[in-house]
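Please read the structure below before turning to the comments.
Atoms considered below: every heavy atom in the structure, side chains included; atoms not considered: hydrogens, waters and symmetry mates. Residue numbers start from 1 in every chain, and the chains themselves are labelled A, B, ... in the order their sequence lines are given, proteins ahead of strands. The structure displayed is predicted, hence computed values, not measured ones.
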Amino acid sequence: MRIATWNVNSIRARAERIGAWLDRSDADVLAIQELKCKDSQFPHEIFDERGYEVAFHGLDQWNGVAIASRIGLDDVEIGFDEMPGFGKESAVEARAISAVAGGVRVYSLYVPNGREVDHPHYTYKLEWLEKLRAVAAARLAADGDERFVLTGDFNVAPLDEDVWDMEAFDGATHVSDRERAAFQALVDAGLTETSRPFTPGPGVYTFWDYQRLRFPKKEGMRIDFQLASPALSQTATAAMIDREERKGKGASDHAPVIVDYDV
DNA sequence: ATGACCGCGCTACGCGGA
């Protein structure tokens, strides 16, 4: 099965491109982040027309996550256990959804940005990742043979080579020690990132800022990943980052990250 | 060509993104 994850940066602004991408990608499952719409505005037709079932969760114009599948979509869960909220009333945001497709529980995750190191949003990001780790660890403890994968926009660049210039990121979020430790904790819990072995760096990215000609200058960041459980990760056979999708007018600032699993 | 982002919402400019 082919699983893709893609931060689309508005599903309504991108609907046509997403449909065209589904037509050529051969993806069985697509995890989507940054819908930027509430449930009542979700353009489910683009999935219905192509034979994909779709589950989505959007509360307002921010965040929003979805999973589309053409191989079944069962046991949909919104959020995850003890997922932290943010703001005055600690509101839980639309940053996580999961469902079982083809015997695999696929998570679509939009990790908080963090904004600035030590900003309240940064603390929120670290707590969010820690609670996510606890969920993954609990799943593995309950059933070490379970096939599941945490996919999405992690908003962390784990390695120095995952940004085009570390000097440009001095003191910035995404590369700080604590964010990298939070990502590494997911790996230490037993998960394996399945796209990198097939798409080695340096100079391989999943995001390019709209500003300052970052894409033509090949100045990007690798921040979108698939962290798979042992039973799933050992079946990974191929991966690609579809940077073609970043080209042209009306592209998202993120490219799809696609992994093939032999299940 | 020495410029140069995009999407959203009580359609105007501030917020959020990274």
With heavy atoms under 4.0 Å as the rule, sort [X] into base, sugar-phosphate or nothing.
X      : value
A/E116 : nothing
A/R214 : nothing
A/F207 : sugar-phosphate
A/T173 : nothing
A/D253 : nothing
A/Y110 : sugar-phosphate
A/D153 : sugar-phosphate

Query raised in the report: Where does the chain A footprint on DNA chain B start and end, counting 5' to 3' with a 4.0 Å heavy-atom cut-off?
Result: B/dA4 to B/dA18

Taking atom [atom1] in both [N] and [M], what distance in whole Å separates the two?
N      : M      : atom1 : result
B/dA12 : B/dC6  : P     : 22 Å
B/dG7  : B/dG3  : C1'   : 22 Å
B/dC5  : B/dC10 : P     : 26 Å
B/dA4  : B/dC8  : P     : 23 Å

Report task. Name the orientation class of the two ring planes belonging to A/F183 and A/F154 (parallel below 30°, tilted from 30 to 60°, perpendicular beyond 60°). Result -> perpendicular

Query raised in the report: Between A/H121 and A/F86, how do the two ring planes meet: parallel, tilted or perpendicular, split at 30° and 60°?
Result: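 Perpendicular: the ring planes of A/H121 and A/F86 meet at over 60°.
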
Query - Closest-nucleotide 5' rank along DNA chain B - winner of A/G114 and A/K38 - result: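 Between the two, 5'-proximity favours A/K38.
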
Query raised in the report: A/Q61 or A/N7: which one's nearest nucleotide on DNA chain B is closer to the 5' end?
Result: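 The residue closer to the strand's 5' end, by nearest nucleotide, is A/Q61.
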
Query - Charged N-O contact under 4.0 Å between A/D28 and A/R70 - result: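 Yes.
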
Query raised in the report: Measuring from A/S25:OG to A/D242:CG, what's the distance to the nearest 0.5 Å?
Result: 8.5 Å

Query - Value rounded to 0.5 Å, distance of CG in A/L126 from CD in A/E179 - result: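 Those atoms lie 6.5 Å apart.
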
Requested in this report: Please find out if less than 6.0 Å separates the ring center of A/W128 from that of A/Y110.
Outcome: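 For A/W128 and A/Y110, the ring centres are not under 6.0 Å apart.
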
Query raised in the report: Does a donor on one side chain and an acceptor on the other come within less than 3.5 Å for A/R222 and A/T199?
Result: yes

